[in-house]
Q: 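Quick one: structure below, then a few questions.
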Amino acid sequence: MTGGGHPPFLVVGHLSKAHGTKGELYIWPLTDYPDSHFIPGAVHLPGDEDGENPSPDLPELTIDSVRPYRKGFLARFAGVDDREAAERLRGLYLLRPFETIDELAEDEIFYHELLGAAVVTRGESVLGTVKEVYPVRPSHLLEVTGPDGDILLPLDRRVVVEFDRERRRVVVDPPEGLLP
């Protein structure tokens, strides 16, 4: 991905398991805006094995009905009428075209924008590049690969003080003792 462009599709959920006998699937949401994506009539594209592009072998999935369940949703998709059909979809990621994704608030960042971004301190010391983003609580973590090895930094306003989209650069101000 070059120039900070957006991918054509973003992952919004994961079909974790079949639920019951009537074709429902448990969706683990992978978006900050689940109410925009997990509604009746929303069309999802099952991802390929990498979860980056739609599968060339599977049809679109349209949500017939959906309800909140634990920390995710239980959904029925058109044409998925029994547990066997639901089981065949288990483990797939759900993609949506980028143009269906909500506008971000001013201080929000898409994960794909972070991957490969340079990470520097306020004093311009280069720490490396973002290799991975881990969505954990209480704060997501950035895995940064650099000349001194890999480090994990919290994606937190107290540590990440600036994200420069144009230059694909993350500026951090880590507290004493966080860096090796």
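Every value quoted in this text rests on a predicted model; they were computed, and no experiment measured them.
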Q: Give me the atom names and distance for the closest heavy-atom approach of D150 to E143.
A: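 Heavy atoms only, the tightest pair is OD2-OE2, 3.0 Å.
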Q: Are L115 and V119 connected, step by step, through hydrophobic side chains (Ile, Leu, Val, Met, Phe, Trp, Tyr) whose heavy atoms are closer than 4.5 Å?
A: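 Yes, it is one cluster - the side chains of L115 and V119 are joined through contacts under 4.5 Å.
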Q: In terms of ring plane angle, is the pair F38 and F73 parallel, tilted or perpendicular, where the classes change at 30° and 60°?
A: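 Answer is tilted, since the angle falls between 30° and 60°.
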Q: Are H44 and I63 close enough that some pair of their side-chain heavy atoms sits under 4.5 Å apart?
A: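 They are in contact (side-chain heavy atoms under 4.5 Å apart), so the answer is yes.
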Q: Can you confirm whether or not the ring centre of Y93 sits under 6.0 Å from the ring centre of H14?
A: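 Centroid distance Y93-H14: below 6.0 Å, so yes.
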Q: To the nearest 0.5 Å, how far apart are CG in L153 and CG in L141?
A: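 So the CG of L153 and the CG of L141 are separated by 8.5 Å.
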Q: Check P46 against L92 and note the closest heavy-atom contact, atom names and distance.
A: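 Where P46 meets L92 most closely, the heavy atoms are CB-CD1, 3.9 Å.
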Q: Decide if atom CD of E84 counts as having more than 12 heavy atoms of other residues, nucleotides or ligands within a radius under 6.0 Å.
A: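 No, the 6.0 Å shell around CD holds no more than 12 heavy atoms from other groups.
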Q: Just how far is it from atom OG of S16 to atom CG of L89, taken to the nearest 0.5 Å?
A: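 Rounded to the nearest 0.5 Å, the OG-CG separation comes to 12.5 Å.
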Q: State yes or no: do Y26 and V12 share one hydrophobic cluster built from I, L, V, M, F, W and Y residues joined by side-chain heavy-atom distances below 4.5 Å, directly or via other members?
A: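 Cluster IDs for Y26 and V12 differ.
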Q: Should the pair E60-R96 be classified as a salt bridge under the 4.0 Å nitrogen-to-oxygen rule?
A: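 Answer for the salt bridge query: no.
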Q: Test of understanding: clusters of I, L, V, M, F, W, Y form through side-chain heavy atoms closer than 4.5 Å, transitively. Do V144 and I109 belong to the same one?
A: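 Looking at the clustering, I109 is in the same group as V144.
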Q: Taking side chain as C-beta onward, heavy atoms only, is L114 less than 4.5 Å from L142?
A: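 Yes; the side chains approach each other to less than 4.5 Å.
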Q: Does V159 share a hydrophobic cluster with V170, counting links as ILVMFWY side-chain heavy atoms below 4.5 Å and allowing steps through other members?
A: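 Yes, V159 connects to V170 through the hydrophobic network.
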Q: For the pair E24 and R83, evaluate salt bridge (Lys or Arg N to Asp or Glu O under 4.0 Å) and give the outcome as yes or no after the intermediate values.
A: CA-CA 7 Å; E24 273 188 317; R83 186 174 185 96; over 6 Å; no
Q: Starting from the C-alpha separation in whole Å, work towards a yes-or-no answer on side chain to side chain contact (heavy atoms under 4.5 Å, CB included) for I151 and L127.
A: CA-CA 9 Å; I151 55 173; L127 298 179; 4.3 Å; yes
Q: Work out which heavy atom in K71 is nearest to a heavy atom in W28; give both atom names and the distance.
A: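 What the structure gives for the nearest pair is CB-CZ3, 3.8 Å.
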Q: Where is the tightest heavy-atom contact between I27 and A75, given as atom of each residue plus distance?
A: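 That closest heavy-atom pairing would be CD1-CB, 3.6 Å.
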Q: Determine whether F77 and L25 satisfy the following criterion, side chain to side chain contact (heavy atoms under 4.5 Å, CB included), listing intermediate values before the conclusion.
A: CA-CA 8 Å; F77 295 95; L25 283 141; 3.9 Å; yes
Q: Can you list every pair that meets ring-ring contact (aromatic ring centres under 6.0 Å, His included) and has a residue in residues 129-161, with sequence neighbours left out?
A: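 The answer is Y111-H140.
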Q: How far apart are the closest heavy atoms of A18 and A86, and which atoms are they?
A: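 Minimum heavy-atom separation between A18 and A86: CB-CB, 3.9 Å.
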Q: So does K22 get a backbone contact from the side chain of R76, meaning a donor-acceptor N/O pair under 3.5 Å?
A: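 Confirmed, R76 side chain pairs with K22 backbone.
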Q: Is there side-chain contact between Y69 and H19, with at least one heavy-atom pair below 4.5 Å?
A: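 When only atoms from C-beta onward are counted, H19 and Y69 do touch, with a gap below 4.5 Å.
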Q: For H37 and L94, indicate whether the former's side chain and the latter's backbone hold a donor-acceptor pair under 3.5 Å.
A: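 No; judged by distance alone, with no hydrogens or angles, the pair does not exist.
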Q: Could you check D173 against R122 for salt bridge (Lys or Arg N to Asp or Glu O under 4.0 Å), going step by step and ending with a plain yes or no?
A: CA-CA 6 Å; D173 186 15; R122 273 197 170 153; 3.3 Å; yes
Q: Side-chain heavy atoms under 4.5 angstrom apart, residues restricted to Ile, Leu, Val, Met, Phe, Trp, Tyr: same cluster for L15 and L58?
A: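 Linked within one cluster.
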Q: Search all heavy atoms of V171 against all heavy atoms of R169 and return the closest pair with its distance.
A: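 Closest approach of V171 to R169: CG2-NH2, 3.7 Å.
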Q: With a cut-off of 6.0 Å (strictly less than), are more than 12 heavy atoms of other residues, nucleotides or ligands near CZ of R158?
A: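 Incorrect, the count does not exceed 12.
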Q: Mind checking what makes side chain to side chain contact (heavy atoms under 4.5 Å, CB included) contact with P68, not counting sequence neighbours?
A: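 Applying side chain to side chain contact (heavy atoms under 4.5 Å, CB included) to P68 gives none.
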